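Chain identifiers are assigned alphabetically (A, B, ...) following the order of the sequence lines, protein sequences preceding nucleic acid strands; residue numbering begins at 1 within each chain. No experiment lies behind these values; they were computed from the predicted model shown.
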Amino acid sequence: MIKLFKIAIRNLIRYKRRALLTSTMVAIGVLFVLVFIAASGSFKNLMIGEITDSMLGHIQVHKRGYMASIDSLPLTLNLNAKAIKKLEIAIKEIPEIEAYSPRIKFGGMFSNFVESSNIKVNGVYPEKEIASIPLFLSRISKGERVIKKGEILIPELLATGLKIKVRDAVVIIATNRDGSVNGKQFKVGGIIKSVTGPGGRDGYVHIEDAMEILRMDKLEISEVAVRVKDFSKLDSVKTSLNRMLSKNLNKQGKPVFDVRTWEKLSPFYNIARMIDVMTIFIKIMLIAIVLISITNVMIMAVYERIREIGTIAAIGTMPEKILSLFLIEGLSLGVTGVIVGNLLAFIVVFLMNIIEITFNFGRQTGFILAPELKAGDILFVSAVVIIVSVLAALQPAFKASKMEPVEALRHV
Amino acid sequence: MSLIIAKNLSKTYHSGEIEVHALKSLSFEIKPGSFISFIGPSGSGKTTLLNLIGCLDKPTSGSLKVANVLTSDLTRREAAAFRGENLGFIFQDFNLIPVLTVFENVEYPLLIVQNVPARKRRERVISLLDKVGMKDQMNKFPDQISGGQKQRVAVARALVSNPRLVLADEPTANLDSKTAFMVIDIMKKMRDEFGVTFLFSTHDPKIVGEVETLFTLEDGMLSSRLDGEGGNND
């Protein structure tokens, strides 16, 4: 077998320019795919991290039916004290959960006594919110990075539109679940940047202030944001939480709780999926490049060496050895392309990390792309290219092995 | 005991709707250790006959036994194995593998076809290259040696697997007279040393004088057989 490799390699070297061109094409394909996977993976992880760590959390739990009516932020679909207790017990029993943050969400009118607009108010426990959404404080662009009682963090959009500054007085007016309208005056504690773009109208107050506006005697919450310790175990944590909570049924016999991961909560999930789909298409393009270039070069190799094939067949070389000889040539082209492509990919990714390419997403600026080559991706891409290289050589190799020696020797 | 027994051997080709009778009911026997040439004009069937004896092609009718094996009945794989074990080939254009050195070209049948251990391979290849006077050139590639040297390498390659029969189709056609005689001389010496049968086709009247048995082919039929050095009348 070593001798067959030696012959195959020498045959490739015989047509240096052609072999070099084919291997280069394969190498460029491998380089492009690996760098794309590394860069798009980095972009995706940055975005997912930004969305989950600044706003959503990894998992959210609501009362069943709440998500269907989320646009109206229905207070009638809040979780009551009994349900909150059960939820907290379930959360504490799952060691993979790092933190959780209960939230009261409601819509209201926001006024600076001159103009008014609508606002989505989030009542939160500051410590729990920061533990569950660690980038939350980094969103506060002006003012102190805290949520104090009697203060409100208002979205940048409203601050700009209504010309409101930190420490100005504002008033929130909202309707509670019984239909009574209540209001409360706040001091603006800070201005908060939106994660998802210019449409963000989310303001933040202390949960006790939210209860006061809504005149809640007992705590009722709209959602609980959950943070897991290891993001790769997200699905298993969701399954565990779902299993524990599914025992709680409502009067209709349906589960009380609705557990969702960030994927079901953010439209960015579709962008993330688009990136995955694009990656698949780029991999298919790589396969096509390898398939076409190696098949082409191997067909030429067989055609140019018909008499040589006739000679070795006449000498007594078995058809399977002739097949192997040409398959090894295809394999060698693929392996060379993979090795060179991987090396180039390492260099390019290394340079990208040194250069620190920055980009903006929505209203967030200065994200630094940190591409990373993962062993799994390298192995997968390399294996696919090598397998496709052998498959590409299969038809020409098969043709060579099936040649009648007498016909091949007659070939001019 | 004959090495080759041909009985009513015929070969017909189809070229479109036209039938070409390349060989017409040939019958002959060849003893082991012979040094034989088939002569005849172009299209007389020399190459077709060598192809049949060399298991590279199959007869349309008749039977052909080589080394006691009915080769006309062999499958493609069996024929390949038979060639590898029993036959050696020398071609008009030498047909050395250009990416292999002289040594590796001669080694090829032992390595790829017969799987002989490395040490034995080396001994056998060097011994043969020495006998054909190519030991000094063994690390050169075919494009670095002359035509005569190439054919000497081809003779060594044909003999390296200890075949019972070596078939050569116009082995001297691309060589000058001096080199042609040298190659024929080497082939005869190899026959004398190893007892292997040499069977070749030629056009060259000067070479004909060197053979021991001469078959003349005309229009696919054996027209004469001459035995003895230089082909005396039988």
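For NZ of B:K65, the number of neighbouring non-hydrogen atoms (other residues, nucleotides, ligands) closer than 6.0 Å is 12 at most. Around the CG atom of B:N8, the shell of radius 6.0 Å holds more than 12 heavy atoms that belong to other residues, nucleotides or ligands. No more than 12 heavy atoms of other residues, nucleotides or ligands lie within 6.0 Å of CZ in A:R273, so this atom counts as exposed by the packing criterion. Remark: A:Y303 OH is loosely packed, at most 12 non-hydrogen atoms of other residues, nucleotides or ligands lying under 6.0 Å away. Residue-environment remark: NZ (A:K399) stays at or below the threshold of 12 foreign heavy atoms within 6.0 Å. Shown here is A:F36, whose CZ atom has more than 12 heavy atoms of other residues, nucleotides or ligands within 6.0 Å. Under a cut-off of 6.0 angstrom, the local environment of NZ in A:K321 is crowded, with over 12 non-hydrogen atoms contributed by other residues, nucleotides or ligands. Within a 6.0 Å sphere centred on NZ of A:K283, heavy atoms belonging to other residues, nucleotides or ligands number more than 12.
In terms of modelled atom types and a separation under 3.5 Å, the side chain of A:R10 and the main chain of B:V99 share a donor-acceptor contact. A donor-acceptor pair under 3.5 Å is absent between the side-chain atoms of A:K3 and the main chain of B:L111, judged by distance alone.
Only the side chain of B:N51 comes within less than 4.5 Å of a heavy atom of chain A; its backbone N, CA, C and O stay farther away. Looking at B:F141, the atoms closer than 4.5 Å to chain A (heavy atoms on both sides) all sit in the side chain, from C-beta outward. Neither the backbone nor the side chain of A:I13 comes within less than 4.5 Å of any heavy atom of chain B. There is no contact between B:Q114 and chain A, counting heavy-atom distances below 4.5 Å. Contacts between B:N115 and chain A at a heavy-atom distance below 4.5 Å involve the side chain alone, from C-beta outward. Looking at B:E85, there are no atoms closer than 4.5 Å to chain A (heavy atoms on both sides), in backbone or side chain. For A:E404, the parts sitting under 4.5 Å from any heavy atom of chain B are the backbone and the side chain alike.
Ranked by heavy-atom pairs under 4.5 Å with chain B, the list A:K6, A:R14, A:R305 is led by A:R14. When each of B:G54, B:P98, B:A81 is scored by its heavy-atom pairs under 4.5 Å with chain A, the top score falls to B:P98.
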#### Entry: B:I112/A:L4 under side-chain contact (heavy atoms from CB on, under 4.5 Å): CA gap, chis, key distance, verdict
CA-CA 8 Å; B:I112 306 291; A:L4 281 178; 4.0 Å; yes
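Once rounded to the nearest 0.5 Å, the distance linking CD1 of A:I7 with CD1 of B:I97 reads 6.0 Å. Here the straight-line distance linking atom OG1 of A:T311 with atom CG of B:L96 works out to 9.0 Å at 0.5 Å rounding.
Under a 4.0 Å N-O distance rule, the pair B:R77/A:E320 qualifies as a salt bridge.
Using a 4.5 Å heavy-atom cutoff, the side chains of A:M318 and B:R76 are not in contact. No side-chain heavy atom of B:L56 sits less than 4.5 Å from a side-chain heavy atom of A:E407. Between B:Y108 and A:I312 there is a side-chain heavy-atom pair separated by less than 4.5 Å. Side chains of B:R83 and A:I315 form no contact here, defined as non-hydrogen atoms less than 4.5 Å apart. Side chains of A:R307 and B:D93 form a contact here, defined as non-hydrogen atoms less than 4.5 Å apart.
The two residues B:F91 and A:A314 have their closest heavy-atom pair at CZ-CB, 4.0 Å.
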